Amino acid sequence: MNTNSAVRRISRRDFLRSSAALGAVAWGMPTIVPSSVFGQNAPSKRINLAIIGAGNQSTVDLPEWLKNDDCQILTICDVNRGSRGYRDDKQFLGREPQRDFVNAFYAKKTGKDSFKGCDACIDFRDVLARKDVDAVAIITPDHWHAVQTIMAAEAGKDIYCQKPLGLTVRDGQEMIKAVRKHKRVLQCGSQWRSTKHVREACELVRNGRLGKLQKIESFVAVNNFAGPGPGWKPEPVPEGFDYNFWLGPAPQAPYHNLRCFYKFRFIRDYSGGQTTNFGHHANGVVRWAIGDDLFPTEFEDAGSEFPEPGDLFTTPTKVSFRARFPGGVELFCHTDKRSFGVRFEGTEGWLELGSKKFETGPATIKSSAIGGKDQRLYVSENHYRNFLDCVKTRQDGVEPVETGHRTSMLCHLGNIAMLLKRKLKFDPLSEKILGDDEAAAMLARPMRAPWSYTTT
Ligand SMILES: NC(=O)c1ccc[n+]([C@@H]2O[C@H](COP(=O)([O-])OP(=O)(O)OC[C@H]3O[C@@H](n4cnc5c(N)ncnc54)[C@H](O)[C@@H]3O)[C@@H](O)[C@H]2O)c1
């Protein structure tokens with residue numbers, strides 16, 4: 001690492017922190033964005049953000065970042081220049097359309113049509129080399145999360161990384177090491193811990209309002225794409241798309257549109273399917289409700305189904321596994337038309353939670369007040385805002401790297417149990433699978449050169 005640039009980076013970061021504590025202090029204008037865009041938020045108090053990955057989820061995340069006057073999006077990085085072929089045909093995404101989206105937002109805010117404050121680039125290493133970038137939002141497919149997080153941490157950037165935290169358990173472990181070694185703030189982008197009704201529901205479960213817990217269910221969505229089936233034929237790589245860079249640490253493989261944009265989540269080389277997609281959300285809520293310190297010690301397939309051998313898609317078409325916590329409480333994670341949600345059943349009642357609300361039986365549980373000696377959970381009303389605040393205070397947010405990793409790990413272990421169709425014993429302290437070498441080997445995967453966990 002270049003020492004001079006490190007010193008300069010630390011200076012700007014320290015400055016952000018001290019100005020958060022002391023109020024406005026003069027600081028040179030770092031960019032061409034007029035201060036009128038950011039209201040009272042002088043450049044000294046702004047967090048300069050770079051977006052890495054401008055696909056489907058960026059359509060949700062970008063507007064959220066833009067709501068914050070103390071955050072300025074400086075650049076959009078994506079290996080795709082701009083195309084259709086994402087989740088649905090209406091989406092035209094990639095670095096240029098999303099750069100234009102950001103510039104149009106700032107242009108409207110300033111009233112200047114010619115506004116060009118945000119640029120676009122292909123290589124995330126160029127983003128990490130920029131001294132004016134304080135933080136990165138990683139919204140790439142899962143097989144990139146570890147390498148990009150580790151390199152960002154090494155470069156001194158704070159990180160908002162979309163869930164899951166990596167493709168494997170080893171990925172998550174390496175991400176923790178890098179984030180803590182370089183004293184970075186990382187928020188895992190599973191937004192449910194910043195959702196009021198989820199926090200309220202989890203506080204009821206955590207404080208025993210359901211009595212002794214008997215069983216837990218977590219729901220994941222039905223797959224919204226099907227693979228091309230065995231005998232599928234490679235397609236030409238579209239113009240403007242750096243496919244080799246998209247593959248990155250994943251194995252070399254022929255191009256097909258169903259492999260890449262959005263649909264990567266159904267292929268094991270890049271993702272864990274709906275288990276780590278919706279499953280990260282739902283199982284993250286389960287862990288919050290029962291206590292993040294608890295972790296299952298047994299995992300078992302419960303009738304999962306997979307695409308035909310030879311299909312491009314390789315993740316479950318039907319997710320179905322059981323995980324047992326110490327003490328015997330069982331979590332049943334499965335595909336369900338409710339898409340996202342969790343159901344808890346205890347000796348005194350039940351609670352079922354979805355994306356908008358939760359219900360209880362009896363209904364009186366819902367109105368039971370939490371207070372006095374009850375355990376309270378971290379209050380965050382907005383996941384993005386919580387990250388920005390933590391960049392300034394240098395505190396952990398509502399979903400720091402260890403929390404995101406342990407939820408991802410639960411999902412990865414469910415996937416391994418479903419693939420092997422046998423019971424796994426797991427030691428949550430050492431994070432090792434016991435007595436099964438084949439399963440243990442699936443906790444990590446090789447990376448294609450030149451990518452690796454080691455960056456320095
Ligand atoms: N929090 C949520 O609710 C939520 C919802 C959807 C997706 N996600 C997560 O967001 C991530 C992205 O999912 P998506 O649906 O947006 O996928 P997507 O395929 O639509 O978009 C990913 C983008 O990343 C780009 N990309 C790939 N490799 C890159 C690289 N090396 N450098 C720069 N850009 C690169 C791709 O070209 C693509 O444009 C996934 O990890 C997913 O789990 C989270």
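All ligand and atom numbering here is 1-based and tracks the order in the structure. No experiment lies behind these values; they were computed from the predicted model shown.
Ion pairing between K357 and E359 holds under the 4.0 Å rule for side-chain N and carboxylate O. Using a cutoff of 4.0 Å between basic side-chain nitrogens and carboxylate oxygens, K392 and D158 are not scored as salt-bridged. Ion pairing between E200 and K196 holds under the 4.0 Å rule for side-chain N and carboxylate O.
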Show me a pair-per-line table, with atom names and distances to 0.1 Å, of protein N or O atoms that are under 3.5 Å from an N or O of ligand 1.
{"from": "ligand 1", "atom 1": "1 (N)", "to": "Q162", "atom 2": "OE1", "distance (Å)": "2.9"}
{"from": "ligand 1", "atom 1": "1 (N)", "to": "G189", "atom 2": "O", "distance (Å)": "2.9"}
{"from": "ligand 1", "atom 1": "1 (N)", "to": "Q191", "atom 2": "OE1", "distance (Å)": "2.9"}
{"from": "ligand 1", "atom 1": "3 (O)", "to": "Q191", "atom 2": "NE2", "distance (Å)": "3.1"}
{"from": "ligand 1", "atom 1": "3 (O)", "to": "H281", "atom 2": "NE2", "distance (Å)": "3.1"}
{"from": "ligand 1", "atom 1": "15 (O)", "to": "N56", "atom 2": "ND2", "distance (Å)": "3.0"}
{"from": "ligand 1", "atom 1": "15 (O)", "to": "R265", "atom 2": "NH1", "distance (Å)": "3.2"}
{"from": "ligand 1", "atom 1": "15 (O)", "to": "R265", "atom 2": "NH2", "distance (Å)": "2.9"}
{"from": "ligand 1", "atom 1": "16 (O)", "to": "N56", "atom 2": "N", "distance (Å)": "3.3"}
{"from": "ligand 1", "atom 1": "16 (O)", "to": "Q57", "atom 2": "N", "distance (Å)": "2.7"}
{"from": "ligand 1", "atom 1": "19 (O)", "to": "Y262", "atom 2": "N", "distance (Å)": "2.8"}
{"from": "ligand 1", "atom 1": "20 (O)", "to": "N56", "atom 2": "N", "distance (Å)": "2.8"}
{"from": "ligand 1", "atom 1": "28 (N)", "to": "W144", "atom 2": "NE1", "distance (Å)": "3.4"}
{"from": "ligand 1", "atom 1": "31 (N)", "to": "W144", "atom 2": "NE1", "distance (Å)": "3.3"}
{"from": "ligand 1", "atom 1": "31 (N)", "to": "Q148", "atom 2": "NE2", "distance (Å)": "3.3"}
{"from": "ligand 1", "atom 1": "37 (O)", "to": "D78", "atom 2": "OD1", "distance (Å)": "2.7"}
{"from": "ligand 1", "atom 1": "39 (O)", "to": "D78", "atom 2": "OD1", "distance (Å)": "3.3"}
{"from": "ligand 1", "atom 1": "39 (O)", "to": "D78", "atom 2": "OD2", "distance (Å)": "2.7"}
{"from": "ligand 1", "atom 1": "39 (O)", "to": "Y86", "atom 2": "OH", "distance (Å)": "2.6"}
{"from": "ligand 1", "atom 1": "41 (O)", "to": "T140", "atom 2": "O", "distance (Å)": "3.2"}
{"from": "ligand 1", "atom 1": "41 (O)", "to": "D142", "atom 2": "OD1", "distance (Å)": "2.8"}
{"from": "ligand 1", "atom 1": "41 (O)", "to": "H145", "atom 2": "NE2", "distance (Å)": "3.1"}
{"from": "ligand 1", "atom 1": "41 (O)", "to": "K163", "atom 2": "O", "distance (Å)": "3.3"}
{"from": "ligand 1", "atom 1": "43 (O)", "to": "K163", "atom 2": "O", "distance (Å)": "2.8"}
{"from": "ligand 1", "atom 1": "43 (O)", "to": "K163", "atom 2": "NZ", "distance (Å)": "3.1"}

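The salt bridge (Lys or Arg N to Asp or Glu O under 4.0 Å) check on R343 picks up E345, E352, with sequence neighbours excluded. Applying the salt bridge (Lys or Arg N to Asp or Glu O under 4.0 Å) test to K90 and every residue at least two apart in sequence or in another chain returns nothing.
Screening residues 310-322 for side-chain hydrogen bond (donor to acceptor under 3.5 Å, both in side chains) gives R322-E330 as the qualifying pairs, with residues at least two apart or on separate chains.
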